[in-house]
> 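If you scroll down you'll find the structure; I have some questions about it.
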Amino acid sequence: MAAPALWQPQEQGLREICTLLEAHISPNSDQARIWQQLQHYSQFPDFNNYLVFLLARGEGNSVEVRQAAGLLLKNNLRTTFSSMPPPSQQYIKSELLPCIGATNRAIRSTVGTVISVLFQIVRVAGWVELFQALHKCLDSNDLDHMEGAMDAIYKICEDVPEELDVDVPGLSERPINVFMPRILQFFQSPHATLRKLALGCINQYIVVMPSALYMSMDQYLQGLFNLAKDPAADVRKLVCSAWVQLIEVRPSILEPHLKNVTELILQANKDSDDEVALEACEFWSAYCDVSMPPEGLREFLPRLIPTLLSNMVYADDDESLADAEEDESFPDRDQDLKPRFHASRLHGSEAGEDDDDDDAVNVWNLRKCSAAGLDVLSNVFGDSILPTLMPLIEQNLARTDDDSWKERETAVLSLGAIAEGCIAGLYPHLPQIVAFLIPLLDDKFPLIRSITCWTLSRYSKFIVQSLDHPNGREQFDKILMGLLRRILDTNKRVQEAACSAFATLEEEAAEELVPHLEVILQHLICAYGKYQRRNLRILYDALGTLADAVGAELNQAKYLDIFMPPLIAKWQQLQNSDKDLFPLLECFTSIAQALGPGFAQFAEPVFQRCINLIQSQQLAKIDPTAAGALYDREFIVCSLDLLSGLAEGLGAGIESLVAQSNLRDLLLQCCMDEAADVRQSALALLGDLSRVCPIHLHPRLQEFLTVAAKQLSPQSVKDAVSVANNACWAIGELAIKIGKEIEPVVISVVSCLVPILKSPEGLNKSLIENSAITLGRLSWVCPDIMAPHMDHFMQAWCSALCMIRDDFEKEDAFHGLCAMVAANPSGAVGSLAYICQACASWTDIKSEGLHNEVCQILNGYKQLLGNGGWEQCMATLEPAVVQKLARYGV
């Protein structure tokens, strides 16, 4: 029987596709039209055959056209390969293999990329010939073939390393077992590209650690030592990357060699190539993060610390140097506006904990990595690094000539980096440090002014702590006024640093700011008039943080007259689709909460705008044309959070606004949104409205309860723990207000809360606390439903109650505990020791009524058990717990 004829391209089809690809890569062509034509061609069943033919055999065409064919083929294969007719699949595979060693490096590289994508679809078993071809190329001793095979293997290792470590029918060995010895041999290749690809391949396996690598570990480590001083920077960088990965995921492997590795890393940290030095510098933080014994590093500190310090000096090509030249007359560019992320409202003990130190220009480089390394070392070694570090800092600070400004800046950065780790040794010298830093706020170099703002912010907690020391208040006032002065700097970078530093100081200083409110607000609003968009966002944050810090103190006419008119003017000026509304909405949220009823005079237009924003975004989701805007759910999230702020600030005063609006229906829709952050903020608002005007939720109460209960299923908790947290809290708030009407969902809610309390490992603290409080609130309003089931959860519940700080929510939970035990005293006898521990967890029960209830319960059990039984129970408790129970008269 004759062999089937191999596919051949039609000459005209080939010409048309070449012409199209030439236009596709030309910068001036009409890309939309070309894209349409490519879509048209892709309808033909053999279009991909043409592309692979061009890539593999299109020698008459330019390399760029052949590459374009290959990249188009790669994208098509992802979506269409599985549905292609088998002859086409076979043709594409067979055409790629001979090109692994193509003489042109760009073609080889494109072929390697296509092979890697195709391999991800068919895996080893679907393309055994690939491994035979790769093996043959590796053993060929022809540089093009070896490099092409290594490039393809590297790309496969990068995408799906575990796929080479599988048993395959028809192959006697796993592919990785066959490749590993050959790849390790390339560590000694005279060709830098092969050394680099070989290292890159094996580094991909450090995390998954197949037995092939584990068994060859000595050879691999020896290879790394040999390549540490390689002439090629790319190779040296990969060696450092290997040490960093090994210390992160397999520290035990490095332990016997640690001294040698650390010595090599220290040398690499001084490498003339910045990328090598940066990769080496990652080692110090990684070492400390995996809790390796710090003593292993101690002997290197006298050499390591000067290295970090010299690497913290601005490089001449650091983009921050160019940015720092821009004063406020330069308009912001679009790329200056970093994407911002609004954190949805979260109710509970972990709300509002976020990372500061958000760097102005988010490009990771050697300078930042070195400063982070110094910070980590200071936290591990504490004051013991000061004798090495301080003389270097003092030496740099003493260099006052203009040419040495970068070294002075580094000294200030170093003082900020060690602020937390070395505070014990620095605290006695804080007045001198501050006295030294304050004049630098007026330095002629903007980057010294900006880093001084940051460094002062790193000490703000300790500056506030030392307010009662001699001159402590004078020191605080100088810093406050110094930062306010810099907020009005003409340089944009300094404005940003000063504003961020001031927000940090506000958080620490809180009510200490009250005597300075007028001057603070005057400076902030003066800045408001001159800042451009990027820095305005940070200014809003400083205003919002001020409101959080001083609360109701802000509610005075003289202050409101300073800051509300400009904010309202901006609020009216911004369109509903303008993203600059986000930080303003956030700022208003803090202000509404701080002013409380004082915000009433501004509330109506703000409330209405939030409703309009939610409505127009819900329309944009279905029909952007009708809404006149593209859907962006952040408008909804920020609006819901501001409504929560209004509910919290105005209390029952929000009732008339809610009554006249369709908020209830919009809110229910948001509670069912597919986006977790929308549901999270919607459920927070549901809880806030339950507190202040539950009557307006009434017509759709059961729907709200059903939707909220649904968020507590085990899968929902796993998928979106913060949403579950707010749902749990909202159900508890509703229970208190609506009483018996909550009965239809009680059992389904409790069945979800019990697993959370029984296996709290890995769940966040606020979800556990809210679950315990809500369980208590349900028990308080429905004790007869809850009491028969309490032996399922009493012990885990009491353990969670012990962790909650004294407040009204804990009181509610204990009212529930008492009501349930009263309804079924015998049901809780087996958990009595746990109940006693929970009762002993109070510092002081403020409510006399609750105190009496607890006394009744405990004394009731004492009588029920008789002296013998009661003493037996007491004997199982810690003496401190027994002592605390005495306050209940038992």
> Quick one: CG on L646 to SG on C610, what's the gap to the nearest 0.5 Å?
6.5 Å
> Is there a side-chain contact between L667 and L643 in this structure, where contact means two heavy atoms from C-beta onward sitting under 4.5 Å apart?
no
> For L630, does the CG atom sit with more than 12 other heavy atoms under 6.0 Å from it, leaving out its own atoms?
no
> Does D623 use its side chain to pair, donor to acceptor, with the backbone of L619 at less than 3.5 Å?
no
> Test side chain to side chain contact (heavy atoms under 4.5 Å, CB included) on Y631 and I636 and set out the steps.
CA-CA 10 Å; Y631 176 64; I636 297 183; 4.0 Å; yes
> Does any non-hydrogen side-chain atom of H789 lie less than 4.5 Å from one of V750?
no
> Whether K621 and D632 form a salt bridge (side-chain N of Lys/Arg under 4.0 Å from carboxylate O of Asp/Glu) is what I want to check.
no
> Distance alone, cut at 3.5 Å: any donor-acceptor contact between the side chains of N576 and S616?
no
> Side chain to side chain donor-acceptor pair (under 3.5 Å) for R679 and N726? Distances and angles first, verdict last.
CA-CA 9 Å; R679 295 200 307 280; N726 286 3; over 6 Å; no
> Out of curiosity, N770 CG to K765 NZ, how far, rounded to the nearest 0.5 Å?
11.5 Å
> Please indicate whether I695 has more than 12 foreign heavy atoms, meaning atoms of other residues, nucleotides or ligands, lying under 6.0 Å from its CD1.
no
> Got I654 and C693 here, is their nearest side-chain heavy-atom distance under 4.5 Å?
yes
> Under 4.0 Å between a side-chain nitrogen and a carboxylate oxygen: does that hold for R691 and E733?
yes
> Side chains of D665 and Q669: donor-acceptor distance under 3.5 Å anywhere?
no
> Report the distance from atom NZ of K570 to atom CG of L536, rounding to the nearest 0.5 Å.
5.5 Å
> Test salt bridge (charged side-chain N to carboxylate O under 4.0 Å, His left out) on R458 and D375; report intermediate values, then the result.
CA-CA 11 Å; R458 295 272 290 174; D375 183 353; 3.4 Å; yes
> Thinking salt bridges, do R533 and D578 make one under a 4.0 Å N-O criterion?
no
> Are there over 12 heavy-atom neighbours, none belonging to E553, within less than 6.0 Å of that residue's CD?
no
> I'd like to know whether the aromatic ring centres of Y540 and Y528 sit less than 6.0 Å apart in this structure.
yes
> Using 0.5 Å steps for rounding, measure from the CG atom of D807 to the CD1 atom of I773.
6.5 Å
> Any side-chain donor paired with an acceptor under 3.5 Å for S460 and S457?
no
> If you draw a 6.0 Å radius around OH in Y559, do more than 12 non-hydrogen atoms from other residues or ligands fall strictly inside?
yes
> Under a 3.5 Å distance rule, please check whether Q711 uses its side chain to pair with a backbone N or O of V707 as donor and acceptor.
yes
> Do the side chain of K740 and the main chain of V781 share a donor and acceptor less than 3.5 angstrom apart?
yes
> Is I121 close to S82 at the side-chain level, that is, under 4.5 Å between some pair of heavy atoms?
yes
> Does a salt bridge link K579 with E634, judged by any charged N lying under 4.0 Å from a carboxylate O?
no
> Under a 3.5 Å distance rule, please check whether S681 uses its side chain to pair with a backbone N or O of V678 as donor and acceptor.
no
> Show me the donor-acceptor pairs, under 3.5 Å and distance only, between side chains in residues 588-607 and residues at least two apart or in other chains.
{"unit_1": "T589", "atom_1": "OG1", "unit_2": "L585", "atom_2": "O", "d": "2.8"}
{"unit_1": "S590", "atom_1": "OG", "unit_2": "D548", "atom_2": "OD1", "d": "3.2"}
{"unit_1": "S590", "atom_1": "OG", "unit_2": "D548", "atom_2": "OD2", "d": "3.4"}
{"unit_1": "Q593", "atom_1": "NE2", "unit_2": "E648", "atom_2": "OE1", "d": "3.2"}
{"unit_1": "Q593", "atom_1": "NE2", "unit_2": "E648", "atom_2": "OE2", "d": "3.1"}

> Sub-3.5 Å donor-acceptor pair from the side chain of T774 to the main-chain atoms of S771, do we have one?
no
> Are the side chains of K846 and E811 in contact, using a 4.5 Å heavy-atom criterion?
yes
> Verify side chain to side chain contact (heavy atoms under 4.5 Å, CB included) between E741 and L734, making sure each step is shown before the conclusion.
CA-CA 9 Å; E741 287 181 74; L734 272 168; over 6 Å; no
> Would you call L712 and I731 a side-chain contact if the rule is heavy atoms closer than 4.5 Å?
yes
> Would you mind reporting whether C839 and I835 have side-chain heavy atoms less than 4.5 Å apart?
yes
> Taking C-beta and beyond as the side chain, do C670 and I614 meet within less than 4.5 Å on heavy atoms?
yes
> List the residues meeting ring-ring contact (aromatic ring centres under 6.0 Å, His included) with F814, not counting sequence neighbours, and say none if there are none.
W842
> Show your reasoning for whether side chain to side chain contact (heavy atoms under 4.5 Å, CB included) applies to C798 and F793.
CA-CA 9 Å; C798 287; F793 58 77; over 6 Å; no
> Keeping R700 on the side-chain end and R664 on the backbone end, is there a donor-acceptor pair under 3.5 Å?
no
> Atom CG of L753 and atom CD1 of I768: how far apart are they, to the nearest 0.5 Å?
12.0 Å
> Establish, from distance only, whether the side-chain atoms of K810 and S841 form a donor-acceptor pair under 3.5 Å.
yes
> How many angstroms lie between CD in E809 and CD1 in I804, if you round to the nearest 0.5 Å?
8.5 Å
> Is E496 salt-bridged to R534, cutoff N-O under 4.0 Å?
yes
> Applying side chain to side chain contact (heavy atoms under 4.5 Å, CB included) to L521 and L543, what does each step give before you reach the verdict?
CA-CA 8 Å; L521 287 167; L543 259 172; 4.1 Å; yes
